[in-house]
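In what follows, chains carry the letters A, B, and so on, assigned in the order in which the sequence lines appear, proteins first and then strands, with residues in each chain numbered from 1.
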Protein chains: 4
Amino acid sequence: MTDPASTRDRILNAAEALFAERGLAGTAVRDIAAEAGLTAASLYNHFASKEALYEAVLERGVRPLLALLSQLAEGERLEGRVDVIDALMEHLARTPHLPRLVHHEAVTGGVRLARLARMWIRPLVNEALSVLKRQDAISQHWAQDEYPLLIAAWLHLLFGHFAMAPLLTEVFDEDALSRASLERQTRFLRKLSLLLLGRADEPGGSPT
Amino acid sequence: MTDPASTRDRILNAAEALFAERGLAGTAVRDIAAEAGLTAASLYNHFASKEALYEAVLERGVRPLLALLSQLAEGERLEGRVDVIDALMEHLARTPHLPRLVHHEAVTGGVRLARLARMWIRPLVNEALSVLKRQDAISQHWAQDEYPLLIAAWLHLLFGHFAMAPLLTEVFDEDALSRASLERQTRFLRKLSLLLLGRADEPGGSPT
Amino acid sequence: MTDPASTRDRILNAAEALFAERGLAGTAVRDIAAEAGLTAASLYNHFASKEALYEAVLERGVRPLLALLSQLAEGERLEGRVDVIDALMEHLARTPHLPRLVHHEAVTGGVRLARLARMWIRPLVNEALSVLKRQDAISQHWAQDEYPLLIAAWLHLLFGHFAMAPLLTEVFDEDALSRASLERQTRFLRKLSLLLLGRADEPGGSPT
Amino acid sequence: MTDPASTRDRILNAAEALFAERGLAGTAVRDIAAEAGLTAASLYNHFASKEALYEAVLERGVRPLLALLSQLAEGERLEGRVDVIDALMEHLARTPHLPRLVHHEAVTGGVRLARLARMWIRPLVNEALSVLKRQDAISQHWAQDEYPLLIAAWLHLLFGHFAMAPLLTEVFDEDALSRASLERQTRFLRKLSLLLLGRADEPGGSPT
DNA sequence: GATGAATGAGGATTCATTCAT
DNA sequence: AATGAATGAATCCTCATTCAT
């Protein structure tokens with residue numbers, strides 16, 4: 001229980017969990033501080049404001065995620081790229097608060113979202129688009145103006161599982177973040193990705 | 001005076017928009033009242049509390065949506081069921097705040113979500129499951145324990161587009177709720193549904 | 001003790017006294033509210049912010065004072081104008097907080113002061129200047145570029161007595177705001193004004 | 001490192017400027033420390049408390065001023081004493097924050113003011129009074145019970161110019177602390193002093 | 001001497017809610 | 001129904017001060 005993490009990191013962890021659960025407005029600075037083992041006043045020795053803390057949380061969470069995502073876009077071809085799905089699922093499983101944070105942002109809109117979208121997500125999407133265009137198989141199923149929808153759909157599926165975990169858990173009576181559940185979702189996504197790319201007949205899991 | 005909508009409805013409309021945008025905690029009763037052309041004090045002549053108002057908003061929005069969804073599960077077969085997608089998309093387009101409301105709830109968790117999930121959504125999902133099981137074509141692609149994931153995926157795709165509209169708008173530089181965008185998404189979902197059900201070769205749109 | 005004044009006025013009175021004594025930064029909204037018989041939260045039903053309250057206090061105090069001062073500048077000649085001194089002294093005696101408020105402002109500088117100075121005080125001073133220039137007697141004693149100093153001096157003497165009342169009271173062991181003290185100061189100012197205008201030999205009080 | 005002033009003096013200077021501008025309550029220890037190039041924590045290595053610092057500032061500023069003032073009261077006669085005005089104006093010009101500090105104190109009242117008034121200022125005033133009583137010329141214009149008012153007036157004029165410098169600067173569109181402005185004010189005060197003492201006809205400056 | 005971090009006490013302001021009118 | 005005014009409980013944040021390093 002002796003906390004080895006630096007105070008700053010403890011604050012960031014506490015804030016990440018609470019912001020993800022309750023959103024920015026719904027989270028009290030005092031609660032974050034208490035969770036990190038401090039007074040609210042002390043917290044202000046580490047972050048200038050609630051807003052600044054929120055952005056630090058976003059930054060810390062989003063940066064490695066985007067780094068990982070950019071790997072997907074780097075490859076020339078998509079074949080064998082299903083491993084990226086594994087990597088992403090594993091990463092998200094390790095930071096399960098992040099998708100909810102992003103959802104809060106995405107749903108709310110505002111300047112922060114605009115910055116996030118234009119500076120980080122858009123370039124990624126563009127790169128992903130150019131990769132898609134280089135795939136021949138895909139054009140048999142989808143029109144070019146549907147490529148963006150494909151990307152969006154893929155993100156909905158990937159992030160949705162984590163972000164909506166509380167709902168899924170209630171509905172399916174099984175912890176959506178459990179190892180078993182995540183592995184099943186991973187396999188499912190792999191198959192579905194191949195299906196979307198028009199390679200449903202390739203290996204990746206036949207019906208049980 | 002010239003406003004034909006009842007005061008109660010005006011409040012509900014205002015509340016729906018603001019709750020969807022800012023969440024429950026982030027929305028001030030005063031702001032809702034002001035948006036509806038009242039004082040906060042007056043609002044309490046129509047709703048007992050902020051909580052009660054929130055639940056009324058949820059109720060008003062979710063009930064017809066669930067009614068519509070239950071139609072999907074009613075049918076014996078899925079063939080021709082793509083029209084349900086049209087109906088749903090049209091319904092959601094008319095109440096674009098609803099998916100964001102649901103997302104706020106789904107992400108947050110808590111008692112309200114549990115109630116919503118167990119009382120309303122679970123029966124729907126179960127019915128949908130039993131329908132899926134009656135489809136032969138589907139079993140060529142998916143294992144039985146993947147059926148719930150199929151349903152979840154389908155909901156992610158359908159709701160995600162609306163809930164994440166602010167983000168999509170920023171990223172793709174096109175209003176995700178515009179008529180054109182919605183029609184494209186509808187076509188896309190139709191094709192994708194058929195693909196998921198193993199009927200990608202059927203009509204529904206070949207690559208442009 | 002049943003307070004007939006409107007709540008708003010009671011707040012303004014309490015604020016005037018406290019701001020005058022402790023300055024803007026040194027006064028707690030809670031103290032003002034308490035003095036007016038309210039909670040701090042209630043005070044915000046009447047004024048949007050501490051700043052707004054402060055400006056309302058200034059406005060309420062300064063406006064009638066400037067109206068009175070402008071009478072001085074209206075007259076063609078200064079003869080017999082000593083009655084203006086009486087009027088001003090009486091007015092200030094009735095609102096003894098005002099000069100201290102103005103001093104706080106004058107000493108502090110800032111945007112509010114700039115506005116006060118340019119919009120209200122400067123026109124008054126200019127009018128006073130033009131009156132001075134029409135007096136013949138004055139030019140025997142003072143050069144034209146000393147006229148502004150004369151006006152400033154006159155204001156220092158008039159306001160100083162009230163603003164520094166706490167100090168004067170301590171030093172001279174006599175309440176500087178007592179009737180006797182104020183009457184003596186009035187007589188003194190009358191004589192001194194005549195002296196400044198080069199009419200020391202006219203009536204207005206010979207050495208006891 | 002290259003700063004020749006001792007840390008203690010740098011703190012005193014910073015504090016003097018800020019206290020003069022914002023008053024005791026309006027000034028944050030952190031701001032003083034920052035202005036002096038320290039942390040607030042470090043400042044406490046030099047002064048025991050904010051109060052102690054404030055008193056040290058007051059002490060450092062007031063002591064030499066009072067020493068200078070006491071020279072005025074020492075002399076037997078007032079003739080030729082106009083040089084004291086020069087000395088005072090020069091002194092104040094070198095520490096332009098001081099009059100504002102004193103004004104803050106004078107306007108606010110309280111224990112510190114009482115001590116200042118009774119221990120330092122009152123003896124000075126008494127001495128000044130006894131000097132005035134020894135002047136013959138003065139009794140032609142002023143009654144004995146007006147002597148204190150004369151002294152007070154003289155102080156209002158002298159200190160007022162510095163204390164109200166921000167206001168004067170705004171109103172007259174000329175820096176009240178500029179060399180030209182101060183020289184003009186010095187000449188003015190000299191003439192006015194002679195006038196008050198009943199020697200307007202003596203040298204000291206005829207109308208330009 | 002200097003500093004980063006911690007903190008209790010406050011301080012301005014918001015908020016949901018109530019109530020008399 | 002509508003509202004102005006009132007309020008206790010928060011909420012974000014600042015401040016003077018302390019202490020270990």
For nucleotides 1-4 of chain E, tabulate all protein N/O to nucleotide N/O atom pairs closer than 3.5 Å, reporting atom names and distance.
from	atom 1	to	atom 2	distance (Å)
E:dA2	OP2	D:His46	NE2	2.6
E:dA2	N7	D:Asn45	ND2	2.8
E:dT3	OP2	D:Thr39	N	3.2
E:dT3	OP2	D:Thr39	OG1	3.3
E:dT3	OP2	D:Ser42	OG	3.0
E:dT3	O5'	D:Thr39	OG1	3.3

| query | Under the side-chain hydrogen bond (donor to acceptor under 3.5 Å, both in side chains) test, which residues partner A:Glu59, sequence neighbours left out? | reply | A:Arg63
| query | Who pairs with C:Ala36 by side-chain contact (heavy atoms from CB on, under 4.5 Å), at least two apart in sequence or on another chain? | reply | C:Arg10, C:Ile11, C:Ala14, C:Leu38
| With sequence neighbours left out, what residues match A:His104 under side-chain hydrogen bond (donor to acceptor under 3.5 Å, both in side chains)? | none
| request: Could you tell me whether A:Glu105 and A:Arg115 make a salt bridge, using a distance below 4.0 angstrom between a side-chain N and a carboxylate O? | output: no
| remark: Nt span of DNA chain F in reach of chain C heavy atoms at under 4.0 Å, 5' end first, is F:dA5 to F:dG8
| task | Using the side chain to side chain donor-acceptor pair (under 3.5 Å) rule, collect all pairs that involve residues 18-33 of chain D, keeping only residues at least two apart or in two chains. | result | D:Arg22-D:Asp31
| query | Within the side chain of C:Arg100, is there an N or O that forms a donor-acceptor pair under 3.5 Å with the backbone of D:Val107? | reply | yes
| request: Counting Watson-Crick and G-U wobble pairs whose two distances are both under 3.5 Å, find the runs of 3 or more in a row that involve DNA chain E. | output: E:2-21 with F:2-21
| field | Residues forming a side-chain contact (heavy atoms from CB on, under 4.5 Å) with D:Ala17, sequence neighbours excluded | value | D:His97
Dump the pairs, protein N or O against N or O of nucleotides 10-12 of chain E, anything under 3.5 Å, distances to one decimal.
from	atom 1	to	atom 2	distance (Å)
E:dA12	OP1	C:Thr27	O	3.2
E:dA12	OP1	C:Val29	N	3.4
E:dA12	OP1	C:Lys50	NZ	3.0
E:dA12	OP2	C:Val29	N	3.0

| message | Going by the rule side-chain hydrogen bond (donor to acceptor under 3.5 Å, both in side chains), which residues pair with A:Arg8 if we only count those two or more places apart in sequence or in a different chain? | response | none
| Does A:Glu35 have any salt bridge (charged side-chain N to carboxylate O under 4.0 Å, His left out) partners at least two apart in sequence or in another chain, and if so, which? | none
| Nearest heavy-atom pair of D:Asp9 and D:Ala5: which atoms, and what distance? | CB-CB, 4.5 Å
| Does D:Leu113 reach the side chain of C:Pro166, with side-chain heavy atoms less than 4.5 Å apart? | yes
| Contact list for residues 14-59 of chain B, test ring-ring contact (aromatic ring centres under 6.0 Å, His included), sequence neighbours left out | B:Phe19-B:Tyr54
